[in-house]
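Below is one structure; the comments refer to it alone.
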Amino acid sequence: QVISTKSSGSSIIVSPRQRGNPILTNLRSVWEFSDIPADYGLGLTTCALFLSLKYHRLHPEYIYNRVKQLAGKYNLRVLLVMVDIGNHEETLKELSKTSMVNNVTVILCWSAAEAARYLELYKSYEHANASAIRGTESKGYAEKLVDFVTVPRSINKTDAVSLVSAFGSVRAAINARPEEVAVIGGWGEKKVRRWCSVVDEPFRARK
Amino acid sequence: MSSGDQAPVKLSLPLKYQQELFQELRLPGDDGNELVVIARGLGLLRLVTNLLHSYDAAGGTLILVVGADERENGWIGESLAEHAAISMSVKARGLNVVNTDVMSVGTREKMYAQGGIFSITSRILVVDILTSLIDPETITGIVLLHADKVVATSLEAFILRIYRQKNKKGFLKAFSDNPEPFTTGFSPLSTMMRNMFLRRVSIWPRFQVSVAQSLEGKKKAEVIELEVPMSDSMRDIQNAIMECVEVSIGELKKANIGLEMEDWNVDSALHKQFDMVVRRQLDPLWHRVSWKTKSIVNDLGVLRGMLHTLLTYDAVAFNRHLDTILAAHSPPPGSTRQNQSPWLFLDAAHVIFDTAKRRVYSGKATGNGADDIESLRPVLEEQPKWAVLAEVLEEIDRDLYFNPVVRDDSNGTILIMCTDTAQCRQLREYLQNMHVRMETKPGDEEEEEAEEDPEASAAFMMRRHLRNYLTWKKEFAKISAALFAENQSALNGASTTRASNSQSYHGKAPANKRRRVRGGGNTGSRPTRAANGSILAGEDKPLEVATLISEIQPTELESAQKEEVVTDPLDDMEDFYQLYDTEDLVVIHAYDGDMDEHVLEEVKPRYIIMYEPDTSFVRRVEVYRSSHNDRNVRVYFLFYGGSVEEQRYLSSVRREKDAFSRLIKEKSSMSVTLTLDAHGIEDPQEAFLRTINTRIAGGGRLAATAQPPRVVVDVREFRSSLPSLLHGRSMVIVPCMLTVGDYVLSPNICIERKSIKDLISSFKDGRLYNQAETMLQHYKSSMLLIEFDQNKSFTLEPFADLSGSYSSVSATNPSSDLQSKLVLLTLAFPKLRIIWSSSPYQTAEIFESLKAQEPEPDPIQAVRIGLEGGQKAEDQAFNREPQDMLRVVPGVTGKNIKSLVVEMGSLKEVANASVEELEPSVGKEAGRHIHRFFNKSVLE
């Protein structure tokens, strides 16, 4: 028993309290029962508590006791909240306050399947680095180019391709005069004005 | 111009209904608060400027114009100056425009103190009022334009609330010439009026009695309607597009079961903005719909654009436009059928591309073998309206010749109105070239005909277009190959089957290997289908193109004609500058909203040709005609019969009429009881409770917390509705330029607000990661607020079931959904708290509870946080869009973007900088990346 809690193998550790929770039938990665203070052990420093709002409404003190039992054992303590009632506003407001006071991170889910997916994600990203959300994904030049040109509103993919192909390079497209851009098919006045002003707009609004 | 009876102010409102309306607005009774809804084209701006002038001339006032856009500012400014000159009012100061942050706080304060008429951007005005740069009590009145845009959570409503709280005497006059928004929802008019604290509404449709009398007197304009039939191929294309629309809508319905979609049908697709309608219906669930649904909605937009360009572009330009669309929508090779636009698989799509091509040139197949030369011949179909236009001009000529000029005030000018400048350019070119004849080449019957035929023809122009098109096309093939080569090389490595696929994508496969498509070989080149069944850009065989090019080589006579300069030669303008005689000009203009009135007044045309239908312009002509006794106008009204254009015109007329009828109905049954104070003066009970701090035992000591709760808000956040709602909950809003976070609730609590849309985009470009990092550096409790929209469904769950997605749950696959990114974020920042809010209203409540028992934030401290040594808060006023673009550029990271933005002025400068210039701010490696991105030539 003790050994299994220590190891952070490839399986999600589930507290026996969770027996019968529909999440378990939705979990497709490996999981095992073990006696841990949290509901789900998702790695050495990560754990999750599960809370259904329906239950919370009946036993509002339950979750506070559970959080207390964690006693600062984990670095990231996820409170996985299942929104299964209609008028959730009041409860969620209270939980927001709780999360600040008790250092838990609230994640909302709306179905058992989604909850299970969150657990799987936490487990599988245990050692992943954050490059996917740092905007450093590698992309092809064409995609980057389209992304770049389509930032201003109302300019779409077709416009991006026609613009750059008309001028040869992004730099030339940026230096183009409004009259030259307006000749391209699909580039109406609004787009032309938008494009020409955005490339010339100073980054900083100076005083 | 006649003048009103209000001496000494001279007005320019010649028509009876205009004067009536003006009198009503100037009425001293009922505190001068009123909402005016007027039909488009009846001269709203003219009314507003006259009204403003009457105040301006009186002097000693502070009047704010809210909601005016740039052009309206220009118009109001000009005509105020004009009025002031005409009526020689000494006190008039004209219009002051405050629309950027550029003007310093000090100058603004001074200006406001001087009084006068100010047009202020809402975002700046709200900050200025909150920081009491403008004292609301000193405002004489507010004139609100585009009143239809005022919803409960809008900035304008926020401004009016603050204004009404502090100032009960000042007037508010709201104007709108867009009745449709007033009729959607439950008792919309009274809701709207409650938002503006107004009690009186005045409605002026075209069918109002005095309007009708003023416009339908004996001086009616002469109108000749000309229904132009579309050519067969145009009709084919239009039908094919409609079929594509139908199928796309069908796909949407299939993919989103359980949505209300009864009215998604082709009939509504003829409606002006059906893609917007669909978009609006899906909007509540936009973050949940599948990628495919999004792309289909996008397709609908493209298809609608096509319907429009079919009617406006000439055949060559339309075909070229289609080529671009096709290239942009071509899937990367190797992708499966699932993730492509469904309409590209249809036969109808094939019809579109094929017919469009055949309007330009066609080939005659002489055999089936690859050795046979399929010769291409230019077809160059002309737009049917062109010929009609030429006829009309000729008729006018004859008319002028046989009926010598009737003495009146209008010029002999012919005014041609069309939708956009591209259209203007096309018509101008056509009119310039329609009588250019081509030299007859022996054996070329068609041109011989043209020689004998005195009719106008666009052959010369079209041939030139075709030449340009062919050269363009050659380059474009190279470009799209170059652009997508990267993808291909990546994929080629992965699998050989894909490699063969991508080769055919290049279009280099020999002609005889190309799949024969239905309908036999009547064309030399056509869109073919890729292995996976989608349409592929057809590549002409070089030999064919060569013959085609030689066919349309400029003949001697043609080349004698000066090549038209496409851009206006402004550089040597002075050499060409010359005043034309206004008697016999043809002026081509694009519809431009209220500005058309100016055009009419200045050009004083005797003949107007409306190349495309436009409701409000018809009214403007009516107003113009009725305003001038001595000017005769004849209007020719051109439209394509049975086209989208016609439908659109009719439905816009109908919708406006319906909207007005409903407005009048609601007005008659409306009971508005309003108190002027918004949510009133602060609830005394609340104020009392605040003074007793329950944390102090027994509440015995009255603590010094008598001040209302305070929130520091980043000025950029005023685009959202949250500050307004926080203010509504009796919190004091302190607008500041924050470097870290969006809202500071207490010295410890800092919040970054993200709507779902922002959340997705800021995950994508890594902005959120950096924001979380800096927030956690400076604040003990840093929070990410995920705010759903009021009307959007409060869930992140996609419609698609989660069953198939297990494969994406692996660390190697940076899967794209929101959930996995949230997981990564919380793993990276275990201390970051996440707050979920179902609406801005809810957020305001959450803020209140988070703030309870916390000390109030210090604005000065909040501004200082995150600034590096020497930086000033004023330097942090960034323009968001150019920076967002910069962030996409490879080599630019969350870290070096700051120095880049400080060193370089604008995107243009970055693009033109050399590696050496970039080096000091971003380093060598990144500099090279940036330089390569901008300078890489897609032509290679």
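Proteins get letters first, then strands, A, B, ... in listed order; numbering begins at 1 in each.
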Which atoms of B/Lys831 approach chain A - backbone, side chain, both or neither, heavy atom under 4.5 Å: side chain
Side chain to side chain contact (heavy atoms under 4.5 Å, CB included) involving A/Pro22 - partner list, sequence neighbours excluded: A/Ala112
So, the part of B/Gln842 with a heavy atom under 4.5 Å from chain A: the answer is side chain
Measure distances from B/Ile749 to the heavy atoms of chain A and classify the residue's part below 4.5 Å as side chain, backbone, both or neither. side chain
Segment of B/Thr324 engaging chain A (4.5 angstrom heavy-atom cut-off): both
Close side-chain approach of B/Lys936 to A/Val170, heavy-atom, < 4.5 Å: no
What distance do A/Thr158 atom OG1 and B/Asp323 atom CG have between them, rounded to the nearest 0.5 Å? 12.0 Å
In terms of heavy-atom pairs under 4.5 Å with chain A, which of B/Val302, B/Leu850, B/Val910 leads? B/Leu850
For chain B, which residues of residues 99-109 of chain A have heavy atoms nearer than 4.5 angstrom: A/Ser99, A/Met100, A/Asn103, A/Val104, A/Thr105, A/Val106, A/Ile107, A/Leu108
Heavy-atom cut-off 4.5 Å, strictly under: side chain, backbone, both or neither for B/Phe933 against chain A? both
Qualifying residues under salt bridge (charged side-chain N to carboxylate O under 4.0 Å, His left out), relative to B/Arg833, sequence neighbours excluded: none
Student check: side-chain heavy atoms of B/Trp836 and A/Val81 closer than 4.5 Å: no
dist A/Tyr125:OH -> B/Leu827:CG (nearest 0.5 Å) comes out at 10.0 Å
Heavy atoms only, distances under 4.5 angstrom: which of B/Ala911, B/Ala852, B/Ser837, B/Ser906 has the most pairs with chain A? Name it, please. B/Ser906
Whatever's closer than 4.5 Å to a heavy atom in chain A on B/Ala828 counts as side chain
Do B/Met885 and A/Val149 have side chains that approach each other closer than 4.5 Å (heavy atoms only, starting at C-beta)? no
To the nearest 0.5 Å, atom CG of B/Asn912 lies from atom CD1 of A/Ile174 at 7.5 Å
Report yes if some heavy atom in the side chain of B/Leu822 is under 4.5 Å from a heavy atom in the side chain of A/Tyr118; otherwise report no. yes
Considering only heavy atoms, which portion of A/Ser162 lies under 4.5 Å from any heavy atom of chain B: side chain, backbone, both, or neither? both
Candidate pair A/Phe148 and B/Leu907, rule side chain to side chain contact (heavy atoms under 4.5 Å, CB included), full reasoning: CA-CA 11 Å; A/Phe148 178 79; B/Leu907 266 184; 4.3 Å; yes
Shorter than 4.5 Å, heavy atoms on both sides: which option in B/Ile835, B/Leu900, B/Leu768, B/Leu886 has the most such pairs with chain A? B/Leu886
Interatomic distance, CG@A/Asp200 vs CD@B/Glu909, rounded to 0.5 Å, equals 9.0 Å
Can you pull out the residues in residues 88-96 of chain A with any heavy atom less than 4.5 Å from chain B? A/His88, A/Glu89, A/Glu90, A/Leu92, A/Lys93, A/Ser96
B/Val889 vs A/Lys144, side chain to side chain contact (heavy atoms under 4.5 Å, CB included): CA-CA, chis, key distance, verdict: CA-CA 7 Å; B/Val889 176; A/Lys144 283 265 182 196; over 6 Å; no
Taking it one step at a time, do A/Tyr122 and B/Thr826 satisfy side chain to side chain contact (heavy atoms under 4.5 Å, CB included)? CA-CA 9 Å; A/Tyr122 270 111; B/Thr826 50; 2.6 Å; yes
Is there a donor-acceptor pair under 3.5 Å between the side chain of A/Lys97 and the backbone N or O of B/Ser849? yes
More than 12 heavy atoms of other residues, nucleotides or ligands under 6.0 Å from CD of A/Gln18: is that the case? yes
With chain B as the partner, which of A/Ala173, A/Ser169, A/Ala116, A/Ala172 has the greatest number of non-hydrogen pairs under 4.5 Å? A/Ser169
